[in-house]
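What follows is a short report on a single structure.
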There are 2 protein chains.
Amino acid sequence: MPATRGSKPASSSRPRDAGGVRLVYDFLREQILSKSLVTGDRLPPERDLAAQLGVSRPVLREALRALAMIGAVEIRHGAGTVLRRPDAAALGDFFSFAMLQDAPVAEDVMQARIAVECQAARLACARATATDFTTLRAAVEAIEGTVGEVEAGARADHAFHSALVQAGHSPVLAALYATLTEPLYRTHVFRRGTTPSTDEFKAYVIDDHKRILTALVERNVERLDAVLRRHFVIGDEFREQAIQREILSMWSA
Amino acid sequence: MPATRGSKPASSSRPRDAGGVRLVYDFLREQILSKSLVTGDRLPPERDLAAQLGVSRPVLREALRALAMIGAVEIRHGAGTVLRRPDAAALGDFFSFAMLQDAPVAEDVMQARIAVECQAARLACARATATDFTTLRAAVEAIEGTVGEVEAGARADHAFHSALVQAGHSPVLAALYATLTEPLYRTHVFRRGTTPSTDEFKAYVIDDHKRILTALVERNVERLDAVLRRHFVIGDEFREQAIQREILSMWSA
DNA sequence: CATCTTGAGAGGTATGACCAATTCGTCTAT
DNA sequence: ATAGACGAATTGGTCATACCTCTCAAGATG
């Protein structure tokens, strides 16, 4: 085993990684920095890379698994390990482990969801692309076609709101949003809570989604924010009661 | 090796983790969710935990190393492995690998911070108590007394904003805020970035914090939102540039 | 040309042994 | 009685070896 360098911890909030693991991190960093490796490149096979670095394969695997956790590499069984460019979409476990330790209540989760979605919507006014608009229009159409159905309606609703967040082109907000909302849309009761029962209410729900899209198309930040916040008020009480009983069990699945 | 469950990936941007590793993640998630394990608890020794879960020690170590990468556990040689609550300070490697490949992450974290703080501020207009107001007034006074100092000024600034978020009485928002921001205030450059240099600017910063508090006292949601958002614009570019430079040098070791 | 099969390559896992760091208990000196 | 030193036990770090499982590409067959 080669001597480790006397470098400081990778992060002031994490203890110093073991020497073998750190050597792998450092090696890969240098490879990227020197452009010897670029995003998409396949790393040498584990056995070869471990020998090259003078560490054992389990040590190399530890390091690679950790890098996979943050999306820096993608490990594919039988195919090899590829260098990836981390983005916050890879941080689902980070956010879920963080939130699991606070036992959030349903209303709070909705508030955080609102926070993230409204901020992403603001960004979307500046950043949304033609592709985003296409996606959102298709999502509105999907809502129109499924507004009275529990399963499909909830899926279409989620797709619309997720597309809106994606249009903000902020990976951290998108990752947070996914963590916060994915469990929501999986609960039966939440799905029922998003399903209007009267024709009048159905029409209103469809129109509201159109109003959101219109404000975005016009890139009107304040109107979009207002329309969206009012959108969330609708059905809030009904939804909250439904969610409370199921929210905590979902993050462990 | 026990059969793995047919669950989907923890994050949609990462391929499915290998079965053994996933089993460890799931186990720990459940332990946390059920309060069998709380932050600060020491996990069983590797040999014992591996046997308990029916995986080999190298597999357990892979999983733990990955969790250590996001700050969910702290591994100490000779002492044991402790459960930690992840916060962004643990993501040094994430940021460094991301930035080495030109991923624009710092601005995103700030956007998430803004989302959370503004939503918490909205809630605070309805929920702030007399104690909250007392805390916030003291925080403003502390800002007045330290506005030209790098360390103390940053601490006072952070205390004010944290108190504002706390006044929203939303544990999820408060936790997210802590997760996203506490590490920032630890960097020297961020602190310098929040330290006004001219008397005029100092007075403006003090007044802006007072305006925020006034809007809250009047429980004026829209004014508070507007004042706060404008507050964030000030110094944003300076801060971002400073953070990006600092992150590379500080975390890449 | 399209589809299927096979073999090589590459990741996934287990076992056992040994090394290194930390913690705790015991003994000795003051 | 207290403090410090030392050694043993505990626990993480690493290595070597063997075997299993998945993926992919090349070759064979219809």
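Convention: sequence-line order gives letters A, B, ...; per-chain numbering from 1. Note: hydrogens, waters and symmetry copies are ignored here, and every other heavy atom, side chains too, is used. Fair warning: this is a prediction, and the values are worked out from it, not measured in the lab.
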Whichever of A/P58 and A/T81 has its nearest DNA chain C nucleotide further upstream toward 5': A/T81
B/R57 (side chain) and D/dG13 (base): donor-acceptor pair under 3.5 Å: yes
Distance in angstrom units between B/E62 CD and C/dT13 P, rounded: 7 Å
Distance, rounded to the nearest Å, where B/L64 contributes CG and C/dT13 contributes P: 14 Å
D/dG12 OP1/OP2 closer than 4.0 Å to side-chain N/O of B/R76: no
Phosphate contact (D/dG13 OP1 or OP2) by A/S56 side-chain N/O below 4.0 Å: no
Integer-rounded Å distance: D/dG13 P and A/L60 CG: 16 Å
Test item: B/S34 side-chain N/O and B/Q31 main-chain N/O as donor-acceptor pair under 3.5 Å: yes
Spacing between B/D17 atom CG and D/dC22 atom C1', to the nearest angstrom: 16 Å
Protein-nucleotide distance (B/E74, atom CD; D/dT11, atom P), rounded to Å: 17 Å
Rounded interatomic separation in angstrom, taking CD1 from A/I75 and C1' from C/dA10: 12 Å
Cationic N near anionic O, under 4.0 Å, A/D132 to A/R127: no
Of A/A79 and A/V21, the one whose closest DNA chain D nucleotide lies more 5': A/V21
Heavy-atom closest contact (A/F133 atom, A/A128 atom, distance): CZ-CB, 3.8 Å
Among C/dG12, D/dT11, D/dG13, the one nearest B/P45 by side-chain distance: D/dT11
Spacing of A/R61 atom CZ relative to C/dA10 atom P, expressed in whole Å: 14 Å
Donor-acceptor pair under 3.5 Å, A/H77 side chain vs D/dT23 base: no
Atom pair distance, as rounded to whole Å: CZ in A/R65 and C1' in C/dT13: 11 Å
Plane angle bin for A/H209 and A/H161 - parallel if under 30°, tilted between 30 and 60°, otherwise perpendicular: perpendicular
Under-3.5 Å donor-acceptor pair between A/R47 side chain and C/dG11 base: yes
Reported CD-to-CG distance for the pair A/E62 and A/D17, which is rounded to 0.5 angstrom: 9.5 Å
